[in-house]
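Below you'll find the structure, written out as structure tokens, and then a few comments.
Everything numeric in this text was worked out from a predicted model, so none of it was measured. Lettering of chains follows the sequences in order, A, B, ..., and the numbering in each one begins at 1. Values reported hereafter were calculated over all heavy atoms of this structure, with side chains retained and with hydrogens, waters and symmetry mates removed.
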Protein chains: 2
Amino acid sequence: MVNEPAAPPARPRNRRGEGGRLREEIVAAAVELLDENGDEGAITLRSVARRVGIAAPSIYRHFPDQPAIMLAVVQQAFAQLEAQLRTALDAADDDPRRRLFAVCHAYLRFAQDHPQRYRTMFGGVWMPALQGTSVTRSDVASLGDTCIRLLTDALGECVTAGHAGGTDPHADAVALWLGLHGLAHQRAVTVAYPWPPDIADRMITTLAHLRDT
Amino acid sequence: MVNEPAAPPARPRNRRGEGGRLREEIVAAAVELLDENGDEGAITLRSVARRVGIAAPSIYRHFPDQPAIMLAVVQQAFAQLEAQLRTALDAADDDPRRRLFAVCHAYLRFAQDHPQRYRTMFGGVWMPALQGTSVTRSDVASLGDTCIRLLTDALGECVTAGHAGGTDPHADAVALWLGLHGLAHQRAVTVAYPWPPDIADRMITTLAHLRDT
DNA sequence: TCCTTATGCTAACGGTCGTAAGTTTACTTC
DNA sequence: GAAGTAAACTTACGACCGTTAGCATAAGGA
């Protein structure tokens, strides 16, 4: 838990118009602390300031609150997840089946590559902690919507192409996402568990009601 | 966040041999704080002591650490979940199909009735926080095993009776639990989301590979 | 060159936390 | 009634936290 007890990196002051750059550095430092310590409680005003190499009150130029930093971290993480899903879709060919697997595996890969971030994104330390802070409920309400839509669309393509059968495409999409989330979250939480090797593909195939090839 | 700023409930001291009763009171108070504030960070040595009506250091008679309280809370929660699953199984008849649904719905009901507890049980604030504390990794390793076995057995009965088909019963059981966990966890985290009404039965039926009746 | 102003810092306050050391209270036994 | 001891308390220390108020410094246009 010791974070540079006395680390004066002699940080150069930003140029006149580039003060906002410090905001990115703050968020990046917060993400670093989260990834290293694995505990969102490690993201504190002072710890972030230490990591960046600035004085703690200097953060108030860029964030009104400490929860505002957390919100920025989570927003950035969701943007990264969305970008990763889009990249996977762009790299895939036109087969709806392969596109569905691509986006699902990209989702799972994000959670596996950044378990602490995933845990924080969906851990729900929000509703309680943001009482009386600058973070409003609407800031956090629609955070994962775009990512879920990408998944829903990919499943819809499969249904349209006749590769997937199901009585209710929307409910199936929700179920598929819930299954992915269960796997992703549990993988992010437990150190090492003997998962069946093909557990991901099994869940995707089953929940998407994919027909045998 | 104000917890009895000065609440002297004039707690009577326990009788000579019943000092261990305070331990139960401490755990109960910790659970109360968790359920009310919804944040495991609300379980602190001093807040628990205030709630019980004792001085903070008095806790050290019964717990070596603050993490030890958290461990006790989680252990108790897992015991409650297990008891709830067994109760549901005992109340069910002999039809394997109905027994499977009974245990699955009991699982989901626990998460819905005690969302903060569920979040804490599976939230994984463990691996990081127990560094250098009295809580060892083995204390937390096999916490949910019994509950998962109850689920696995219920699915196994369905397979044996021919009500469920699947190529790998163990993998299917894991997948079923992951699906339940995804739904339970997400329900415990989000305030209100328009879930498809029959989402639970859909996931259970699909992941268990239940045959049409 | 000087003045404005964005940028970041120092100092400080009040609060909470975990924990150690030593002490008081009251039950039980003799 | 005396003694022993379990049960719980008081006091205190050091650390970290979020936040406020005011100050220094340097960039860049006039």
Side-chain angles (χ1 to χ4, degrees), chain A residues 1-26 29-30 33 37 39-71 129-135, chain B residues 1-26 29-30 33 37 39-71 129-135:
Chain A
M1 206 68 76
V2 59
N3 295 321
E4 281 90 341
R11 215 191 78 94
R13 175 186 296 205
N14 275 321
R15 307 282 277 275
R16 196 59 174 268
E18 306 172 355
R21 178 147 53 181
L22 182 52
R23 187 194 158 91
E24 306 167 18
E25 290 185 51
I26 290 171
L33 289 169
N37 295 13
D39 182 5
E40 55 261 26
I43 299 184
T44 175
L45 261 177
R46 301 182 106 107
S47 68
V48 170
R50 279 192 296 267
R51 172 62 60 103
V52 178
I54 59 175
S58 300
I59 292 185
Y60 283 93
R61 295 256 168 222
H62 306 277
F63 294 92
D65 266 336
Q66 184 266 352
I69 303 178
M70 293 296 299
L71 176 63
L130 50 75
Q131 287 285 19
T133 69
S134 72
V135 179
Chain B
M1 206 66 80
V2 59
N3 295 322
E4 282 90 343
R11 214 190 79 93
R13 175 184 297 206
N14 276 320
R15 307 282 278 275
R16 196 58 174 268
E18 305 172 355
R21 175 147 54 179
L22 182 52
R23 186 195 159 92
E24 306 167 18
E25 290 186 52
I26 290 171
L33 289 169
N37 295 13
D39 183 5
E40 54 260 28
I43 299 184
T44 175
L45 259 177
R46 301 183 106 108
S47 69
V48 170
R50 278 193 296 267
R51 172 62 60 103
V52 177
I54 59 175
S58 300
I59 292 185
Y60 283 94
R61 295 253 165 218
H62 306 278
F63 294 92
D65 264 337
Q66 183 267 353
I69 303 178
M70 292 296 298
L71 175 63
L130 49 76
Q131 286 284 21
T133 70
S134 72
V135 179

Arg61(A): partners by side chain to side chain contact (heavy atoms under 4.5 Å, CB included), with sequence neighbours left out: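 By the side chain to side chain contact (heavy atoms under 4.5 Å, CB included) rule, Arg61(A) matches no residue at all.
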Residues forming a side chain to side chain contact (heavy atoms under 4.5 Å, CB included) with Glu25(A), sequence neighbours excluded: Arg11(A), Asn14(A), Arg21(A), Leu22(A), Val52(A)
Within-4.5 Å side-chain heavy-atom neighbours: Leu45(A) and Tyr60(A):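 The answer is yes; the side chains approach within 4.5 Å.
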Considering only nitrogen or oxygen atoms on both sides, find all protein atoms under 3.5 Å from nucleotides 18-22 of chain D and state each distance.
| unit_1 | atom_1 | unit_2 | atom_2 | d |
| --- | --- | --- | --- | --- |
| dG18(D) | OP1 | Thr44(A) | OG1 | 2.8 |
| dG18(D) | OP1 | Leu45(A) | N | 3.2 |
| dG18(D) | OP2 | Thr44(A) | OG1 | 2.4 |
| dG18(D) | OP2 | Leu45(A) | N | 2.9 |
| dG18(D) | OP2 | Arg46(A) | N | 3.3 |
| dG18(D) | N7 | Arg46(A) | NH1 | 2.4 |
| dG18(D) | O6 | Arg46(A) | NH1 | 2.8 |
| dT19(D) | OP1 | Asp65(A) | OD1 | 3.3 |
| dT19(D) | OP2 | Tyr60(A) | OH | 2.7 |
| dT19(D) | OP2 | Gln66(A) | N | 3.4 |
| dT19(D) | O5' | Tyr60(A) | OH | 2.8 |

What is the distance, rounded to the nearest whole Å, between atom [atom1] of [X] and atom [atom2] of [N]?
| X | N | atom1 | atom2 | result |
| --- | --- | --- | --- | --- |
| Phe63(B) | dG18(C) | CZ | C1' | 16 Å |
| Glu25(A) | dT7(C) | CD | P | 13 Å |
| Arg23(B) | dA8(D) | CZ | P | 14 Å |

Give a yes or no on whether the backbone of [Y] and the side-chain of [X] come within a donor-acceptor separation of less than 3.5 Å.
| X | Y | result |
| --- | --- | --- |
| Asp39(A) | Gly41(A) | yes |
| Gln66(A) | Arg46(A) | no |
| Ser47(B) | Ala42(B) | yes |

N/O (side chain, Arg50(B)) to phosphate O (OP1/OP2, dC17(C)) under 4.0 Å: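 Affirmative; the distance criterion is met.
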